[in-house]
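Throughout, a chain's letter reflects where its sequence line sits, starting with A, and its residues are numbered from 1. Model, not experiment: these values are computed from the prediction.
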Protein chains: 2
Amino acid sequence: MERPEWNVMVATCPSRTSLARIANKWTAMIVMALDPGRLRFGEIREAVGGISGKVLSETLRQLERDGVVSRTAYDQMPPRVEYELTPLGRSLHQPMAALAAWAQDHIEEVQLSRNAFDEREDERLVG
Amino acid sequence: MERPEWNVMVATCPSRTSLARIANKWTAMIVMALDPGRLRFGEIREAVGGISGKVLSETLRQLERDGVVSRTAYDQMPPRVEYELTPLGRSLHQPMAALAAWAQDHIEEVQLSRNAFDEREDERLVG
DNA sequence: CAGGATCCATTTTGATACTG
DNA sequence: CAGTATCAAAATGGATCCTG
């Protein structure tokens with residue numbers, strides 16, 4: 001049961017491709033949106049503020065390919081398609097939620113830092 | 001001590017900008033590289049496989065702006081610049097490491113899923 | 001050595017229109 | 001409704017040259 005001795009820090013490690021996909025804001029938000037349960041395409045779109053239909057369908061497709069979400073299309077008119085986290089996808093939720101929580105919990109500190117940095121930058125340019 | 005009632009799922013929430021930065025493979029790897037202790041620019045570059053000088057300097061600059069890393073430049077020739085995680089940055093390490101660990105731990109499952117998906121795709125195109 | 005500047009190729013994202 | 005196709009715009013990434 002040996003794992004390869006390399007890791008994501010190695011450019012050619014296969015897991016780098018997986019990290020590249022999950023270390024992405026859209027992926028993070030879609031996984032969080034689907035955590036409570038299966039949703040229709042349009043419902044995900046409402047849940048993830050600001051995402052375009054194109055980006056959503058493309059990202060969902062990649063996540064389906066990676067086995068993170070499953071897709072169920074009902075043969076109806078108009079169409080009805082539902083997405084759900086797979087067991088693999090559910091195992092991803094906790095890390096993703098932790099990342100989002102960090103962003104929310106530290107946004108004030110980050111903003112203060114940005115303001116200070118930009119001020120230093122300004123007076124450096126002015127001299 | 002009330003937090004705003006919105007969150008990263010809301011497009012206009014400030015924390016969205018923070019999530020966008022940390023939900024990024026380069027950020028993840030740089031934070032992990034710096035976890036053991038301060039490193040010089042070139043050392044980070046070696047630690048993070050495949051990163052270019054341009055991307056590294058740009059990303060470090062953003063992370064410095066956000067207060068995640070601190071930068072120390074020694075007035076020498078040739079230059080010597082060291083980077084270190086701030087306390088804020090150290091608080092980010094755990095979530096980042098969890099994400100990287102997920103990528104590594106599940107890469108085989110992901111790859112199997114990708115292969116199966118691509119095969120289904122192929123036979124769908126062939127018919 | 002640590003970067004900034006520049007030029008380009010690639011990728012990502014977004015609007016819009018269209019269809020089963 | 002859930003996409004796909006298309007075009008344009010913007011962001012990202014890489015390679016190279018240059019400097020203190």
Handout entry: Whole-Å distance separating the CZ atom of B:Arg45 from the P atom of C:dG4
Key = 13 Å
Practice task
Residues of residues 54-75 of chain A with any non-hydrogen atom less than 4.0 angstrom from an atom of DNA chain D: list those, numerically ordered, please.
Solution key: A:Lys54, A:Ser57, A:Arg71
Problem - Check: B:Ile107 main-chain N/O paired with A:Ser15 side-chain donor or acceptor under 3.5 Å - result: no
Fill in the blank from the handout: Taken to the nearest whole Å, NZ/B:Lys25 to P/C:dT11 is 11 Å
Practice task
Using a strict cut-off of less than 4.0 Å between a Lys/Arg side-chain nitrogen and an Asp/Glu carboxylate oxygen, indicate whether A:Arg61 and A:Glu64 qualify as a salt bridge.
Solution key: no
Problem - Check: B:Val68 and B:Thr27 side chains under 4.5 Å, non-hydrogen atoms - result: no
Problem - Main-chain N/O of A:Lys54 paired with A:Ser57 side-chain donor or acceptor, under 3.5 Å - result: yes
Exercise for the section: Please determine if a side-chain N or O atom of A:Trp26 lies less than 4.0 Å away from the OP1 or OP2 oxygen of C:dT12. Expected result: no
Handout entry: Toward the 5' end of DNA chain C, by each residue's nearest nucleotide, A:Ile51 or B:Glu43
Key = B:Glu43
Handout entry: Atom pair distance, as rounded to whole Å: CD in A:Glu121 and C1' in C:dG4
Key = 13 Å
Exercise for the section: Identify the residue among A:Arg114, A:Lys25, A:Gln111 that makes a side chain to side chain donor-acceptor pair (under 3.5 Å) with B:Thr17. Expected result: A:Arg114
Problem - Backbone N/O of A:Leu85 and side chain of A:Arg90: donor-acceptor pair under 3.5 Å - result: yes
Fill in the blank from the handout: To the nearest angstrom, the CZ-P distance between A:Phe41 and C:dT19 comes to 19 Å
Practice task
State the CE-CG distance between B:Met32 and B:Leu92, to the nearest 0.5 angstrom.
Solution key: 10.5 Å
Exercise for the section: Name the first nucleotide and the last nucleotide along DNA chain D (5' to 3') that come under 4.0 Å of a heavy atom in chain B. Expected result: D:dG13 to D:dG20
Practice task
Tell me what A:Gly42 touches on the nucleic acid: a base, only sugar-phosphate, or nothing, going by heavy atoms under 4.0 Å.
Solution key: sugar-phosphate
Fill in the blank from the handout: Looking only at heavy atoms, the pair that brings B:Gly89 and B:Val31 closest together is O-CG1, 4.3 Å
Fill in the blank from the handout: Comparing A:Asn24 with A:Pro79, nearest DNA chain C nucleotide closer to 5' gives the residue A:Asn24
Exercise for the section: Show your reasoning for whether side chain to side chain donor-acceptor pair (under 3.5 Å) applies to A:Tyr74 and A:Glu82. Expected result: CA-CA 8 Å; A:Tyr74 299 89; A:Glu82 294 185 343; 3.3 Å; yes
Problem - N or O in side chain of B:Arg40 less than 4.0 angstrom from C:dA2 OP1/OP2 - result: yes
